[in-house]
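Data block below; observations after.
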Amino acid sequence: MDVERAAAAPPTENASPAEQIQIEDRLQDSAKDGSDLRRDVLEGLTAEFKGLPPKYFYDELGSELFEQITELPEYYPTRVERSILAEQAEAIVAAADPQCLIELGSGSASKTRVLLSAMHEAGSLHTYVPVDISEEITRATAHELISEYPELRVHGVLCDFENDLERLPAWGQRRMFAFLGGTIGNFDRPKRIAFLSRIASLLGPMDTLLLGTDLVKDPERLEAAYNDSAGVTSRFNKNVLSVLNRELDADFDLDAFEHLAFYDDENERIDIRLLSLADQLVHVRALGLEVPFAEGEEMRTELSCKFTRQSIERSYAESGLELVELWTDPEQQFALSLARGA
Ligand code: SAH
Ligand code: AVI
(Lines give C-alpha, C1' and ligand atoms only; values in the text may rest on other atoms or scores of the structure.)
(Ligands and ions follow the chains in the order given, each with its own letter.)
Protein backbone atom coordinates (compact mmCIF):
# COMPACT_ATOMS: atom_id res chain seq x y z
CA MET A 1 0.00 0.00 0.00
CA ASP A 2 1.38 3.35 -1.06
CA VAL A 3 0.29 5.59 1.78
CA GLU A 4 2.43 8.60 2.63
CA ARG A 5 2.24 9.89 6.17
CA ALA A 6 2.72 13.63 6.43
CA ALA A 7 2.11 15.76 9.50
CA ALA A 8 -0.74 18.26 9.14
CA ALA A 9 1.12 21.47 8.33
CA PRO A 10 0.34 24.15 10.90
CA PRO A 11 -1.42 27.00 9.13
CA THR A 12 0.20 30.41 9.05
CA GLU A 13 -1.76 33.62 9.04
CA ASN A 14 -0.08 35.17 6.03
CA ALA A 15 0.14 32.22 3.66
CA SER A 16 -0.22 33.09 -0.02
CA PRO A 17 -2.80 31.24 -2.15
CA ALA A 18 0.07 29.26 -3.70
CA GLU A 19 1.16 28.09 -0.22
CA GLN A 20 -2.39 27.46 0.93
CA ILE A 21 -3.51 25.42 -2.07
CA GLN A 22 -1.89 22.33 -3.43
CA ILE A 23 -3.67 20.24 -6.04
CA GLU A 24 -2.08 16.88 -6.58
CA ASP A 25 -2.85 14.98 -9.74
CA ARG A 26 -2.94 11.31 -8.76
CA LEU A 27 -5.07 10.19 -11.69
CA GLN A 28 -3.41 7.10 -13.09
CA ASP A 29 -2.17 7.03 -16.68
CA SER A 30 -5.00 4.65 -17.55
CA ALA A 31 -7.52 7.33 -16.54
CA LYS A 32 -5.63 10.13 -18.30
CA ASP A 33 -4.99 8.33 -21.57
CA GLY A 34 -8.60 7.14 -21.74
CA SER A 35 -7.85 3.41 -21.43
CA ASP A 36 -10.13 3.07 -18.36
CA LEU A 37 -12.93 4.72 -20.31
CA ARG A 38 -12.32 2.52 -23.37
CA ARG A 39 -12.32 -0.65 -21.24
CA ASP A 40 -15.48 0.33 -19.31
CA VAL A 41 -17.37 1.40 -22.43
CA LEU A 42 -16.38 -1.70 -24.38
CA GLU A 43 -17.53 -3.89 -21.50
CA GLY A 44 -20.69 -1.88 -20.87
CA LEU A 45 -21.88 -1.56 -24.47
CA THR A 46 -21.22 -5.18 -25.44
CA ALA A 47 -23.02 -6.68 -22.41
CA GLU A 48 -26.42 -8.26 -22.92
CA PHE A 49 -27.94 -5.65 -20.56
CA LYS A 50 -25.98 -2.52 -21.48
CA GLY A 51 -24.67 -0.15 -18.82
CA LEU A 52 -22.20 2.67 -18.23
CA PRO A 53 -20.45 3.62 -14.96
CA PRO A 54 -21.81 6.86 -13.43
CA LYS A 55 -18.36 8.37 -12.89
CA TYR A 56 -18.32 9.37 -16.58
CA PHE A 57 -21.18 11.85 -16.03
CA TYR A 58 -18.80 14.32 -14.43
CA ASP A 59 -17.01 16.29 -17.12
CA GLU A 60 -17.20 20.08 -16.71
CA LEU A 61 -20.80 20.25 -17.99
CA GLY A 62 -21.84 17.18 -15.97
CA SER A 63 -20.50 18.73 -12.75
CA GLU A 64 -22.39 21.93 -13.59
CA LEU A 65 -25.60 19.99 -14.29
CA PHE A 66 -25.23 18.15 -10.98
CA GLU A 67 -24.95 21.53 -9.23
CA GLN A 68 -28.20 22.55 -10.93
CA ILE A 69 -29.83 19.30 -9.77
CA THR A 70 -28.96 20.13 -6.15
CA GLU A 71 -31.06 23.30 -6.45
CA LEU A 72 -34.14 21.73 -8.01
CA PRO A 73 -37.32 21.85 -5.91
CA GLU A 74 -37.80 18.08 -6.33
CA TYR A 75 -34.21 17.13 -5.38
CA TYR A 76 -34.41 17.20 -1.58
CA PRO A 77 -31.18 15.27 -0.61
CA THR A 78 -28.78 18.23 -0.80
CA ARG A 79 -31.08 20.58 1.10
CA VAL A 80 -31.92 18.05 3.78
CA GLU A 81 -28.31 16.94 4.25
CA ARG A 82 -27.31 20.60 4.57
CA SER A 83 -30.01 21.14 7.21
CA ILE A 84 -28.76 18.14 9.22
CA LEU A 85 -25.21 19.46 8.99
CA ALA A 86 -26.36 22.90 10.10
CA GLU A 87 -28.10 21.37 13.14
CA GLN A 88 -25.44 18.83 14.02
CA ALA A 89 -22.05 20.08 12.80
CA GLU A 90 -20.97 20.97 16.32
CA ALA A 91 -21.97 17.53 17.62
CA ILE A 92 -20.25 15.82 14.68
CA VAL A 93 -17.03 17.75 15.25
CA ALA A 94 -17.21 17.07 19.00
CA ALA A 95 -17.66 13.33 18.39
CA ALA A 96 -14.95 13.00 15.72
CA ASP A 97 -12.56 15.75 16.87
CA PRO A 98 -10.91 15.94 13.44
CA GLN A 99 -7.88 18.03 12.47
CA CYS A 100 -8.09 17.12 8.84
CA LEU A 101 -11.17 16.66 6.69
CA ILE A 102 -10.76 14.39 3.65
CA GLU A 103 -13.82 14.54 1.42
CA LEU A 104 -14.36 11.88 -1.23
CA GLY A 105 -16.28 13.11 -4.29
CA SER A 106 -16.15 16.65 -2.93
CA GLY A 107 -17.56 18.46 -6.00
CA SER A 108 -18.37 22.06 -5.10
CA ALA A 109 -18.13 21.25 -1.36
CA SER A 110 -21.13 23.49 -0.85
CA LYS A 111 -22.27 21.70 2.32
CA THR A 112 -18.76 21.05 3.57
CA ARG A 113 -18.47 24.67 4.59
CA VAL A 114 -20.79 23.95 7.51
CA LEU A 115 -18.34 21.34 8.79
CA LEU A 116 -15.32 23.54 8.13
CA SER A 117 -16.96 26.35 10.07
CA ALA A 118 -17.63 24.02 13.01
CA MET A 119 -14.00 22.84 12.92
CA HIS A 120 -12.93 26.48 12.80
CA GLU A 121 -15.09 27.26 15.84
CA ALA A 122 -13.57 24.29 17.67
CA GLY A 123 -10.10 25.65 16.83
CA SER A 124 -9.16 22.48 14.97
CA LEU A 125 -9.31 23.58 11.35
CA HIS A 126 -6.00 22.69 9.66
CA THR A 127 -6.30 20.84 6.39
CA TYR A 128 -9.09 20.14 3.94
CA VAL A 129 -8.50 17.46 1.34
CA PRO A 130 -11.05 17.47 -1.49
CA VAL A 131 -10.76 14.26 -3.53
CA ASP A 132 -12.51 14.25 -6.88
CA ILE A 133 -12.18 12.98 -10.42
CA SER A 134 -13.23 16.32 -11.89
CA GLU A 135 -10.36 18.80 -12.10
CA GLU A 136 -12.23 22.01 -12.92
CA ILE A 137 -14.61 21.89 -9.97
CA THR A 138 -11.86 20.82 -7.53
CA ARG A 139 -9.61 23.77 -8.47
CA ALA A 140 -12.49 26.26 -8.36
CA THR A 141 -13.62 24.94 -4.97
CA ALA A 142 -10.11 25.18 -3.49
CA HIS A 143 -9.82 28.83 -4.48
CA GLU A 144 -13.24 29.71 -3.11
CA LEU A 145 -12.49 27.99 0.19
CA ILE A 146 -9.24 29.75 0.98
CA SER A 147 -10.91 33.11 0.49
CA GLU A 148 -13.56 32.01 3.00
CA TYR A 149 -11.19 30.35 5.50
CA PRO A 150 -7.89 32.25 5.51
CA GLU A 151 -6.24 29.79 7.92
CA LEU A 152 -7.14 26.71 5.87
CA ARG A 153 -4.71 24.56 3.89
CA VAL A 154 -6.38 22.91 0.90
CA HIS A 155 -4.59 19.85 -0.39
CA GLY A 156 -6.77 18.65 -3.25
CA VAL A 157 -6.26 15.27 -4.87
CA LEU A 158 -7.45 14.50 -8.38
CA CYS A 159 -8.05 10.78 -8.61
CA ASP A 160 -10.57 8.05 -9.19
CA PHE A 161 -11.39 7.06 -5.63
CA GLU A 162 -12.44 3.61 -6.81
CA ASN A 163 -8.94 2.95 -8.12
CA ASP A 164 -6.75 5.19 -6.01
CA LEU A 165 -8.08 5.20 -2.45
CA GLU A 166 -4.95 3.52 -1.08
CA ARG A 167 -2.74 5.99 -2.95
CA LEU A 168 -4.11 9.00 -1.10
CA PRO A 169 -1.49 10.71 1.02
CA ALA A 170 -2.46 10.46 4.70
CA TRP A 171 -2.21 13.66 6.67
CA GLY A 172 -1.65 13.88 10.41
CA GLN A 173 -3.49 12.12 13.18
CA ARG A 174 -7.19 12.70 13.56
CA ARG A 175 -8.66 12.47 10.10
CA MET A 176 -12.33 12.51 9.24
CA PHE A 177 -13.18 11.02 5.87
CA ALA A 178 -16.44 12.50 4.59
CA PHE A 179 -18.46 10.86 1.85
CA LEU A 180 -21.49 13.08 1.50
CA GLY A 181 -24.47 13.59 -0.77
CA GLY A 182 -25.48 9.94 -0.81
CA THR A 183 -22.75 9.13 -3.36
CA ILE A 184 -22.18 5.79 -1.57
CA GLY A 185 -25.64 4.92 -2.95
CA ASN A 186 -24.24 5.05 -6.48
CA PHE A 187 -22.42 1.77 -5.74
CA ASP A 188 -24.42 -1.45 -5.85
CA ARG A 189 -24.27 -3.59 -2.68
CA PRO A 190 -21.11 -5.64 -3.43
CA LYS A 191 -19.22 -2.53 -4.56
CA ARG A 192 -20.47 -0.61 -1.51
CA ILE A 193 -19.22 -3.24 0.92
CA ALA A 194 -15.89 -3.50 -0.92
CA PHE A 195 -15.46 0.28 -0.90
CA LEU A 196 -16.41 0.72 2.78
CA SER A 197 -14.05 -2.14 3.68
CA ARG A 198 -11.23 -0.34 1.92
CA ILE A 199 -12.03 2.84 3.86
CA ALA A 200 -12.12 0.78 7.08
CA SER A 201 -8.63 -0.51 6.41
CA LEU A 202 -7.34 3.06 5.99
CA LEU A 203 -8.80 4.31 9.28
CA GLY A 204 -6.38 4.69 12.18
CA PRO A 205 -7.70 4.50 15.78
CA MET A 206 -8.37 8.28 15.87
CA ASP A 207 -9.93 8.47 12.40
CA THR A 208 -13.60 8.50 11.49
CA LEU A 209 -15.90 8.27 8.50
CA LEU A 210 -18.85 10.65 8.08
CA LEU A 211 -21.26 9.12 5.59
CA GLY A 212 -24.31 10.74 3.96
CA THR A 213 -27.08 8.34 2.95
CA ASP A 214 -30.46 9.00 1.40
CA LEU A 215 -33.22 7.11 3.23
CA VAL A 216 -36.00 4.85 1.97
CA LYS A 217 -39.24 6.82 1.72
CA ASP A 218 -42.44 7.28 -0.24
CA PRO A 219 -41.62 6.12 -3.82
CA GLU A 220 -43.40 9.15 -5.29
CA ARG A 221 -41.08 11.52 -3.50
CA LEU A 222 -38.07 9.46 -4.54
CA GLU A 223 -39.11 9.23 -8.18
CA ALA A 224 -39.89 12.96 -8.38
CA ALA A 225 -36.34 13.75 -7.25
CA TYR A 226 -34.97 11.91 -10.30
CA ASN A 227 -37.64 13.05 -12.80
CA ASP A 228 -37.64 16.82 -12.28
CA SER A 229 -40.07 18.93 -14.24
CA ALA A 230 -37.32 21.18 -15.63
CA GLY A 231 -35.59 18.20 -17.26
CA VAL A 232 -32.18 18.84 -15.69
CA THR A 233 -31.75 15.22 -14.55
CA SER A 234 -32.54 14.10 -18.09
CA ARG A 235 -29.76 16.37 -19.43
CA PHE A 236 -27.38 15.11 -16.73
CA ASN A 237 -28.18 11.51 -17.65
CA LYS A 238 -27.75 12.08 -21.40
CA ASN A 239 -24.51 13.97 -20.78
CA VAL A 240 -22.73 10.62 -20.50
CA LEU A 241 -23.53 10.09 -24.19
CA SER A 242 -21.95 13.47 -25.04
CA VAL A 243 -18.85 12.40 -23.11
CA LEU A 244 -18.65 9.24 -25.24
CA ASN A 245 -19.23 11.24 -28.46
CA ARG A 246 -16.38 13.58 -27.57
CA GLU A 247 -13.89 11.19 -25.97
CA LEU A 248 -14.46 8.12 -28.12
CA ASP A 249 -15.60 9.69 -31.39
CA ALA A 250 -19.04 8.10 -31.00
CA ASP A 251 -22.21 9.25 -32.73
CA PHE A 252 -24.95 8.90 -30.11
CA ASP A 253 -27.99 10.99 -31.05
CA LEU A 254 -29.11 12.37 -27.67
CA ASP A 255 -32.64 12.93 -29.01
CA ALA A 256 -32.94 9.23 -29.82
CA PHE A 257 -32.80 8.32 -26.10
CA GLU A 258 -35.17 9.08 -23.25
CA HIS A 259 -34.29 9.51 -19.58
CA LEU A 260 -35.88 6.92 -17.26
CA ALA A 261 -35.72 6.78 -13.46
CA PHE A 262 -37.88 4.49 -11.32
CA TYR A 263 -37.85 3.15 -7.77
CA ASP A 264 -37.02 -0.53 -7.39
CA ASP A 265 -38.77 -1.36 -4.15
CA GLU A 266 -37.23 -4.79 -3.74
CA ASN A 267 -33.66 -3.54 -3.98
CA GLU A 268 -34.43 -0.18 -2.34
CA ARG A 269 -32.85 1.87 -5.09
CA ILE A 270 -33.58 4.31 -7.88
CA ASP A 271 -32.63 2.75 -11.19
CA ILE A 272 -31.58 5.29 -13.81
CA ARG A 273 -31.52 4.33 -17.45
CA LEU A 274 -31.56 5.62 -21.02
CA LEU A 275 -34.29 4.18 -23.24
CA SER A 276 -33.63 3.85 -26.96
CA LEU A 277 -36.52 5.45 -28.88
CA ALA A 278 -35.75 3.62 -32.14
CA ASP A 279 -33.88 0.70 -33.63
CA GLN A 280 -30.48 2.31 -34.17
CA LEU A 281 -26.82 1.55 -34.73
CA VAL A 282 -24.33 3.64 -32.76
CA HIS A 283 -20.70 3.84 -33.88
CA VAL A 284 -17.96 4.19 -31.29
CA ARG A 285 -15.12 4.85 -33.72
CA ALA A 286 -12.29 4.94 -31.16
CA LEU A 287 -13.20 1.34 -30.27
CA GLY A 288 -14.02 0.23 -33.81
CA LEU A 289 -17.40 -0.75 -32.37
CA GLU A 290 -20.91 -0.76 -33.83
CA VAL A 291 -23.53 -0.99 -31.11
CA PRO A 292 -27.11 -1.95 -32.02
CA PHE A 293 -29.92 -0.60 -29.83
CA ALA A 294 -33.43 -1.96 -30.29
CA GLU A 295 -36.43 0.34 -29.95
CA GLY A 296 -37.45 0.18 -26.28
CA GLU A 297 -34.08 -1.20 -25.13
CA GLU A 298 -32.85 0.21 -21.82
CA MET A 299 -29.27 0.89 -20.76
CA ARG A 300 -28.43 1.47 -17.07
CA THR A 301 -26.42 4.63 -16.37
CA GLU A 302 -26.71 4.87 -12.56
CA LEU A 303 -28.12 3.31 -9.41
CA SER A 304 -28.95 5.39 -6.39
CA CYS A 305 -29.45 3.12 -3.36
CA LYS A 306 -31.61 4.23 -0.46
CA PHE A 307 -31.06 3.12 3.14
CA THR A 308 -32.64 2.51 6.52
CA ARG A 309 -30.85 2.72 9.86
CA GLN A 310 -30.70 -1.08 9.82
CA SER A 311 -29.18 -1.29 6.34
CA ILE A 312 -26.60 1.38 7.24
CA GLU A 313 -25.62 -0.57 10.36
CA ARG A 314 -25.52 -3.80 8.36
CA SER A 315 -23.29 -2.21 5.68
CA TYR A 316 -20.92 -1.02 8.40
CA ALA A 317 -20.86 -4.39 10.15
CA GLU A 318 -20.10 -6.18 6.88
CA SER A 319 -17.28 -3.73 6.14
CA GLY A 320 -15.40 -3.78 9.46
CA LEU A 321 -16.89 -0.48 10.62
CA GLU A 322 -18.92 0.42 13.68
CA LEU A 323 -21.61 3.07 13.92
CA VAL A 324 -20.77 5.79 16.46
CA GLU A 325 -23.77 8.05 15.98
CA LEU A 326 -26.47 8.71 13.41
CA TRP A 327 -28.23 12.01 12.81
CA THR A 328 -31.32 12.55 10.70
CA ASP A 329 -33.89 15.28 9.95
CA PRO A 330 -37.35 15.46 11.54
CA GLU A 331 -38.95 13.75 8.51
CA GLN A 332 -36.21 11.08 8.40
CA GLN A 333 -35.44 11.72 4.76
CA PHE A 334 -31.65 11.61 4.89
CA ALA A 335 -29.06 10.43 7.41
CA LEU A 336 -25.53 11.36 8.33
CA SER A 337 -23.67 8.74 10.29
CA LEU A 338 -20.28 8.66 11.94
CA ALA A 339 -18.33 5.41 11.99
CA ARG A 340 -15.00 4.12 13.28
CA GLY A 341 -13.06 0.99 12.56
CA ALA A 342 -14.67 -1.94 14.42
N1 SAH B 1 -20.22 15.63 -2.47
C2 SAH B 1 -20.96 16.56 -3.34
C3 SAH B 1 -20.96 16.11 -4.80
C4 SAH B 1 -21.69 14.82 -5.09
S5 SAH B 1 -21.72 14.49 -6.83
C6 SAH B 1 -22.37 16.68 -2.82
O7 SAH B 1 -22.70 16.03 -1.83
O8 SAH B 1 -23.14 17.48 -3.36
C9 SAH B 1 -20.54 13.19 -6.93
C10 SAH B 1 -19.11 13.74 -6.95
O11 SAH B 1 -18.24 12.62 -6.94
C12 SAH B 1 -18.78 14.55 -8.21
O13 SAH B 1 -18.09 15.73 -7.88
C14 SAH B 1 -17.92 13.60 -9.06
O15 SAH B 1 -16.97 14.29 -9.86
C16 SAH B 1 -17.26 12.76 -7.97
N17 SAH B 1 -16.95 11.39 -8.41
C18 SAH B 1 -17.80 10.48 -8.96
N19 SAH B 1 -17.17 9.30 -9.17
C20 SAH B 1 -15.88 9.49 -8.74
C21 SAH B 1 -14.75 8.64 -8.68
N22 SAH B 1 -14.80 7.38 -9.11
N23 SAH B 1 -13.60 9.15 -8.17
C24 SAH B 1 -13.53 10.45 -7.71
N25 SAH B 1 -14.59 11.29 -7.74
C26 SAH B 1 -15.75 10.82 -8.25
C1 AVI C 1 -24.15 12.00 -6.70
N2 AVI C 1 -25.34 11.18 -6.40
C3 AVI C 1 -25.48 10.98 -4.96
C4 AVI C 1 -26.58 11.64 -7.03
C5 AVI C 1 -27.76 10.73 -6.59
O6 AVI C 1 -28.76 11.27 -6.14
O7 AVI C 1 -27.63 9.51 -6.68
C8 AVI C 1 -26.46 11.66 -8.52
C9 AVI C 1 -27.73 11.99 -9.23
N10 AVI C 1 -28.19 11.33 -10.27
C11 AVI C 1 -29.32 11.87 -10.66
N12 AVI C 1 -29.62 12.87 -9.85
C13 AVI C 1 -28.63 12.97 -8.94
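Values below: every heavy atom of this structure, side chains too, minus hydrogens, waters and symmetry copies. Sequential numbering from 1 along the given sequence is applied to the chain's residues. Whatever order the structure lists them in is the order used to number ligands and atoms, beginning at 1.
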Query raised in the report: Do Gln28 and Asp160 get their side chains close enough for a donor-acceptor pair, meaning under 3.5 Å?
Result: no

Query raised in the report: Strictly by modelled atom types, are Tyr149 and Ser117 linked by a side-chain donor-acceptor pair under 3.5 Å?
Result: yes

Query raised in the report: At the 4.0 Å heavy-atom cut-off, does Pro77 count as touching ligand 2?
Result: no

Query raised in the report: Is there a heavy atom of Ser63 sitting under 4.0 angstrom from any atom of ligand 1?
Result: no

Report summary line: So the atoms of ligand 1 within less than 4.0 Å of a heavy atom of Gly107 turn out to be 13 (O)

Requested in this report: Say whether Thr233 and Tyr75, considering side chains only, have a donor N or O and an acceptor N or O under 3.5 Å apart.
Outcome: no

Requested in this report: Apply ring pair (Phe, Tyr, Trp, His ring centres under 6.0 Å) to Phe161 and Phe179, showing your working.
Outcome: CA-CA 11 Å; Phe161 52 57; Phe179 197 22; 5.4 Å; yes

Query - Val154 versus Ala142, closest heavy-atom pair with distance - result: CG1-CB, 3.7 Å

Query raised in the report: Could a heavy atom of Phe179 be found less than 4.0 Å from some atom of ligand 2?
Result: no

Query raised in the report: If we only count N/O pairs under 3.5 Å, is Lys306 in contact with ligand 2?
Result: no

Report task. Would you check whether Gly185 reaches within less than 4.0 Å of ligand 2, judged by its heavy atoms? Result -> no

Query - ligand 1 contacted by Asp132 (non-hydrogen, < 4.0 Å) - result: yes

Query - Subset of ligand 2 atoms that lie under 4.0 Å from at least one heavy atom of Ile69 - result: 12 (N)

Query raised in the report: Does the pair Phe307 and Phe334 meet the rule for a ring pair (Phe, Tyr, Trp, His ring centres under 6.0 Å), with working shown?
Result: CA-CA 9 Å; Phe307 296 84; Phe334 197 94; 9.6 Å; no

**Report entry** Numbered atoms of ligand 1 (with element) below 4.0 Å of Thr183, judged on heavy atoms
**Finding:** 4 (C), 9 (C)

Query - Protein contact of atom 19 (N) of ligand 1 - nearest heavy atom, named by residue and atom, plus distance - result: Lys55 CB, 3.6 Å

Requested in this report: Find out whether Glu121 and Glu90 are in side-chain contact, i.e. whether some heavy atom of one side chain is under 4.5 Å from a heavy atom of the other.
Outcome: no

Query raised in the report: Of the protein's non-hydrogen atoms, which lies at the shortest distance from atom 7 (O) of ligand 2, and what is that distance?
Result: Ser304 OG, 2.6 Å

**Report entry** Any Ser108 heavy atom less than 4.0 Å from ligand 1
**Finding:** no

Requested in this report: Using distance alone, decide if ligand 2 has a nitrogen or oxygen within less than 3.5 Å of any nitrogen or oxygen in Thr233.
Outcome: no

Query raised in the report: Is a salt bridge present between Glu43 and Arg39, judged by a nitrogen-to-oxygen distance below 4.0 Å?
Result: no

Query raised in the report: Any Lys/Arg nitrogen of Arg167 or Glu24 sitting under 4.0 Å from an Asp/Glu carboxylate oxygen of the other?
Result: no

Query - Plane angle bin for Phe293 and Phe252 - parallel if under 30°, tilted between 30 and 60°, otherwise perpendicular - result: perpendicular

Requested in this report: Consider every N or O of Phe161 and every N or O of ligand 1, then say whether any pair is closer than 3.5 Å.
Outcome: yes

Requested in this report: Give the numbers and elements of all ligand 2 atoms closer than 4.0 Å to a heavy atom of Gly182.
Outcome: 3 (C)

Report summary line: protein heavy-atom neighbour closest to atom 25 (N) of ligand 1 works out as Ile133 N, 3.1 Å

Query raised in the report: Are side-chain heavy atoms of Phe236 and Ile272 found at a separation under 4.5 Å?
Result: no

Query raised in the report: How does Ala109 reach ligand 1, by side chain, by backbone, by both or by neither, if only non-hydrogen atoms under 4.0 Å count?
Result: neither

Query raised in the report: Does a side chain donor of either Ser134 or Asp132 reach within less than 3.5 Å of an acceptor in the other side chain?
Result: no

**Report entry** Sub-4.0 Å atoms of ligand 1 with respect to non-hydrogen atoms of Gly181
**Finding:** 7 (O)

Report summary line: For atom 3 (C) of ligand 1, the closest protein heavy atom turns out to be Gly105 O, 3.5 Å

Requested in this report: Indicate yes or no: does Lys191 engage Asp188 in a salt bridge with an N to O separation below 4.0 Å.
Outcome: no

Requested in this report: Check each atom of ligand 1 against the heavy atoms of Cys159 and keep those under 4.0 Å away; list them by number with element.
Outcome: 23 (N), 24 (C)

Requested in this report: Under 4.0 Å from a heavy atom of Glu103: give me the atoms of ligand 1 that qualify, with their elements.
Outcome: 1 (N)

Query raised in the report: Does Thr183, backbone or side chain, put an N or O under 3.5 Å from an N or O of ligand 2?
Result: no

**Report entry** Atoms of ligand 1, numbered as shown, that sit under 4.0 Å from any heavy atom of Leu180
**Finding:** 7 (O)

Query raised in the report: Heavy-atom distance under 4.5 Å between the side chains of Tyr76 and Leu222, does that happen here?
Result: yes

**Report entry** Chi angles and distances behind the salt bridge (Lys or Arg N to Asp or Glu O under 4.0 Å) call for Glu144, Arg113
**Finding:** CA-CA 11 Å; Glu144 279 168 24; Arg113 284 152 169 89; 2.9 Å; yes

Query raised in the report: Of the backbone atoms (N, CA, C, O) and the side-chain heavy atoms from C-beta on, which set of Asn186 has a member under 4.0 Å from an atom of ligand 2: side chain, backbone, both, or neither?
Result: side chain

Query raised in the report: Are Asp160 and ligand 1 in contact, using a heavy-atom cut-off of under 4.0 Å?
Result: yes

Query raised in the report: Does an N or O anywhere in Phe66 fall below 3.5 Å from an N or O of ligand 1?
Result: no

Report summary line: Judged by heavy atoms only, the candidate from Glu136, Glu81, Glu162, Lys111 nearest atom 6 (C) of ligand 1 is Lys111

Query raised in the report: With a 4.0 Å cut-off on heavy atoms, does Tyr75 reach ligand 2?
Result: yes

Query raised in the report: With side chains defined as the heavy atoms from C-beta onward, is the minimum distance between Val41 and Leu289 less than 4.5 Å?
Result: no

Query - Check: Leu241 and Met299 side chains under 4.5 Å, non-hydrogen atoms - result: yes

Query raised in the report: Numbering the atoms of ligand 2 from 1, which are under 4.0 Å from a heavy atom of Gly181?
Result: 3 (C)

Report task. Name the closest protein heavy atom to atom 8 (C) of ligand 2, giving the residue it belongs to and the distance to 0.1 Å. Result -> Glu302 OE2, 3.3 Å

